[in-house]
Amino acid sequence: MRAIDIIAKTRDKQTLTDEDIKFFIQGYTKGDIPDYQASAWCMAVVLNGLSKAETTALTLQIAHSGEMLDLHQIAPFVVDKHSTGGVGDKTSLVVAPLVAATGLPVGKMSGRGLGFSGGTVDKLESFSGFQVSLSTEQFLAMLKEHKVVISGQSVDLAPADGKFYALRDVTATVESMPLIAASIMSKKIASGADAIVLDVKVGSGAFMRNLQDAITLSELMIAIGRGVGRKVAAVISDMNQPLGNAVGNALEVKEAIATLQGNGPADFREHCLTVGGKMIELGGKAPTLQAAKAQLADLLDNGTAWGKFKEWIIAQGGSEEELDNPDLLPAAPIVETVPAPRSGHIAGIDAAEVGKTCVAMGGGREKKGDPIDYSVGIVHHAKVGDSLEAGNPLLTLHANSAESLAAAKARLLTAITWSDEPVEAPPHTLKIIG
Ligand code: URA
């Protein structure tokens with residue numbers, strides 16, 4: 001069997017056998033198949049897709065490319081969540097400790113930034129000392145002792161996804177339903193959770209641009225997860241504008257901290273309550289989503305979730321000083337507030353453009369393995385539906401050079417559209433499946 005024949009089959013819209021997929025994934029994981037052949041195959045998948053059966057086989061092969069965790073020695077029921085990727089998406093930072101604060105263990109493997117979307121692992125690394133490369137033993141020990149752990153794409157779990165993920169990020173091969181489904185579900189299956197909530201984004205700042213595609217992707221991932229005996233649900237939400245106000249690694253960590261202290265932006269808090277609520281509902285801690293959300297809102301407001309967050313960050317090596325004083329987190333040398341250029345109502349904030357601007361400022365990667373600048377990014381002072389007078393604060397930019405600041409300002413001013421008429425704030429949660 002040869003890699004080139006498998007690439008040609010997908011290019012020519014022929015169906016791959018389970019053996020073809022096994023050969024390709026095992027070969028790529030071991031390094032026998034080089035990055036250039038794997039990129040060519042990913043591009044063929046982006047252009048021609050894969051069948052449901054091929055996607056399921058791909059998911060299981062990626063999951064089995066490393067260790068498969070059995071968490072039942074640690075806890076009878078473990079929950080997990082995963083986002084399909086968005087702009088300003090710091091949900092895991094809040095939801096993992098929030099759900100763990102109910103006593104339900106959360107064990108999660110997260111990714112780095114992908115395309116224009118940020119990644120939880122990069123955000124967590126804004127804390128000096130935070131360890132994301134955990135061995136299986138460290139992952140299990142954290143889960144047992146603290147009931148919450150987030151690891152990076154470690155060597156032991158789904159290593160094939162780690163390689164594909166970094167490759168897709170820089171070869172314009174992220175936007176593919178089968179590749180996204182296999183990437184997400186392989187990690188979730190390998191890391192052993194009993195219940196998984198999929199945080200599926202739709203809109204300009206997401207990899208799914210319309211609701212129907214988001215529903216199809218959700219149903220595909222739910223079917224793959226249920227096929228291997230996991231409880232799975234999907235929360236589909238709007239990503240036409242960034243989630244919350246902050247976009248950029250350390251800035252998002254600060255917003256997550258504010259949310260855990262009961263002061264976060266309303267849309268982000270509500271999103272965390274819905275995703276976390278679904279997790280504790282699947283985990284049997286609440287009879288309905290409404291009851292689950294009320295329980296979690298109390299834990300945000302009474303300081304319990306914040307306490308759990310601190311315990312978790314410190315246990316994974318993060319700086320206690322930075323937790324107590326978030327101003328010590330990486331800070332950009334230039335901070336400038338951009339005023340509204342006109343009076344009116346905000347009709348749109350192009351999330352993809354905001355995400356790409358943050359990458360261009362240094363907050364994401366242009367090439368595989370590029371270093372990132374944790375300090376840079378954007379804070380929005382107004383969201384779709386808000387009304388401003390000319391000169392009111394519109395955005396605050398955190399940049400590492402005057403050129404980067406000027407370029408970001410020009411891009412972002414064109415990413416925001418205005419209306420003379422009042423605009424209704426769009427609904428955030430669009431559909432819940434399962
Ligand atoms: N998140 C992942 O883990 N993988 C993808 O392909 C997209 C989002």
Side-chain angles (χ1 to χ4, degrees), residues 25 28 38-39 41-46 49-50 54-56 58-63 65-66 80-93 95-96 107-124 132 150-154 157-193 196-209 213-214 216-218 220-222 224-225 230 232 234-237 239 243 275 351-352 355 359 364-365 368:
I25 300 308
Y28 184 49
S39 343
W41 182 70
C42 286
M43 188 55 85
V45 176
V46 169
L50 291 177
E54 287 172 301
T55 307
T56 305
L58 177 65
T59 308
L60 298 180
Q61 280 303 325
I62 297 177
S65 64
D80 192 354
K81 68 144 294 255
H82 202 89
S83 157
T84 57
V87 177
D89 185 5
K90 63 232 85 156
T91 308
S92 295
L93 302 186
V95 154
K108 172 161 171 51
M109 195 211 276
S110 286
R112 296 193 178 276
L114 193 61
F116 54 74
S117 74
T120 301
V121 162
D122 291 329
K123 290 168 202 180
L124 283 168
V132 292
I150 294 189
S151 84
Q153 203 95 40
S154 80
L157 293 180
D161 182 56
K163 291 191 76 175
F164 273 117
Y165 195 92
L167 189 71
R168 289 168 55 221
D169 185 25
V170 291
T171 54
T173 52
V174 175
E175 286 93 337
S176 151
M177 212 177 281
L179 293 181
I180 294 175
S183 165
I184 292 178
M185 293 312 292
S186 61
K187 284 192 280 269
K188 303 294 102 180
I189 292 168
S191 49
I196 302 151
V197 173
L198 300 165
D199 182 0
V200 178
K201 315 286 194 196
V202 54
S204 89
F207 301 125
M208 294 298 115
R209 298 288 148 78
D213 283 352
T216 307
L217 175 66
S218 304
L220 178 60
M221 293 194 288
I222 289 173
I224 293 171
R230 312 296 164 93
V232 194
V235 174
I236 302 179
S237 64
M239 186 40 76
L243 180 61
V275 172
V359 172
R365 294 178 186 79
K368 194 174 164 181

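Small disclaimer: the values here were computed from a predicted structure and weren't measured. Every number for a ligand or one of its atoms is a count from 1 in the order of the listing. The figures here come from the full heavy-atom set of this structure, side chains too, leaving out hydrogens, waters and symmetry mates.
Side-chain contact of Lys187 with Ser191: a donor-acceptor pair under 3.5 Å is absent, judged by distance alone.
With sequence neighbours left out, Lys188 forms a salt bridge (Lys or Arg N to Asp or Glu O under 4.0 Å) with Asp80. Take Arg230 and apply the salt bridge (Lys or Arg N to Asp or Glu O under 4.0 Å) test, not counting sequence neighbours, and it matches no residue.
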### Task
Before giving the answer on salt bridge (Lys or Arg N to Asp or Glu O under 4.0 Å), spell out for Arg365 and Asp169 the whole-Å C-alpha distance, their side-chain angles and the decisive distance to 0.1 Å.
CA-CA 8 Å; Arg365 294 178 186 79; Asp169 185 25; 5.2 Å; no

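Within 4.0 Å of ligand 1, the residues that place a heavy atom are His82, Ser83, Thr84, Leu114, Tyr165, Arg168, Ile180, Ser183, Ile184, Lys187, listed by chain and number.
Listed by first and then second residue, the salt bridge (Lys or Arg N to Asp or Glu O under 4.0 Å) pairs that reach into residues 107-117 are Arg112-Asp122, Arg112-Glu125, sequence neighbours excluded.
Formation of a donor-acceptor pair under 3.5 Å by the Ser39 side chain with backbone atoms of Thr171 is not found in this model.
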